A.B. asks: 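Take this structure first; my questions come after.
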Amino acid sequence: MIHALIVTHGDLGAELLRVVESLLGPQEAVEVLSNKGKDLEGLCDLVDAHVPSGEEAILFVDFCGGSPFVACRRTSGDKRECTVISGVNLPMLTSFFTKRTKMPLSQLLQTIRDDAVRGIQLSSE
Amino acid sequence: MFSKFSLRKKKHDFPLVRVDDRLFHGQVIVGWAQALQLERLILACDRILNEPALKQTLLSVIPPDIEGNIFNLETAAQKWRKGELNHDRTMLILEHPVDALKLLRFGAPVKTLTLGGLHFREEREQFLPYIFLSQWDRAALREIAQAGVTISCQDLPATKPVPYNP
């Protein structure tokens, strides 16, 4: 099973997962980390320790440019089987948890990105 | 509330020198860079230069309209002395107070230093919610202040600076 690591500012990741599980029920092979109170070096060590070795994983981060993004990108640079995706939102996570056993990692990454973007709509259009 | 205009009118000495152990991150590239319309972000850090993957990632988060550089401490001090850092809206980031002291010893003409973010580590004690200091941090800051540098704490442009008296 493809693993999920959600790394965000504050409690954003924990709340996202809480809401996802209220929609889909409890999920396995998922962990949440926060940058709260951590310098970059400390966060890098934390992410390193939680990325499953030798297993396929997607690292979800809240925005491109924050310390969660930097720390995850640094780790994924060393490990070919994990990929960082930024801009995590509810549609991205519900897509991931409902489709992760149905397709290979490369296809899943494209699919969850498309679903995340499709979730952003203007009422005026 | 501060508008961009009032912040821009406020007098700042460039380069702004900020100690922040998250290096280039949200508070810097969004909080400060947008409010002060920064044109250049420089990280002066010897450690990061030994970690090519991290260096590349840090440079990749700099917004496209801002120039980003990572120099070692000696090079940053040399460039500043030659006047290469103070003619545009530049912020210089240092990882911790000991690096700030090293920059000063390499001859950088630092006049003011802002402590922007120093997070908890086992050897550090809380000074402000966003500033934790070890005995080495405090010793370095004492020496920096003795050299005539004004030190204050401020995490974001809209929060009030807190003077630091070592």
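Proteins get letters first, then strands, A, B, ... in listed order; numbering begins at 1 in each. This structure is a prediction, so every number in the text was calculated from the model and none was measured.
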A.B. asks: Any salt bridge (charged side-chain N to carboxylate O under 4.0 Å, His left out) involving residues 55-73 of chain B? Give me the pairs, sequence neighbours left out, ordered by first then second residue.
C.D. replies: B:R40-B:E67
A.B. asks: Just give me the residue among A:T75, A:N35, A:L43 that pairs up with chain B most often, heavy atom to heavy atom, under 4.5 Å.
C.D. replies: A:N35
A.B. asks: Heavy-atom pairs under 4.5 Å with chain B - which of A:G66, A:G37, A:S67 has more of them than the others?
C.D. replies: A:G37
A.B. asks: Given heavy-atom pairs under 4.5 angstrom as the criterion, report whether the side chain, backbone, both or neither of B:Q56 touches chain A.
C.D. replies: neither
A.B. asks: Can you tell me if A:T111 and A:D114 form a side-chain donor-acceptor pair at under 3.5 Å?
C.D. replies: no
A.B. asks: Show me the donor-acceptor pairs, under 3.5 Å and distance only, between side chains in residues 24-31 of chain B and residues at least two apart or in other chains.
C.D. replies:
unit_1	atom_1	unit_2	atom_2	d
B:H25	NE2	B:D20	OD1	3.4
B:H25	NE2	B:D20	OD2	2.8
B:Q27	OE1	B:R18	NH2	3.1

A.B. asks: Can a cation-pi geometry be assigned to B:K79 and B:F71, taking NZ or CZ under 6.0 Å from the six-membered ring centre and within 45° of the ring axis?
C.D. replies: yes
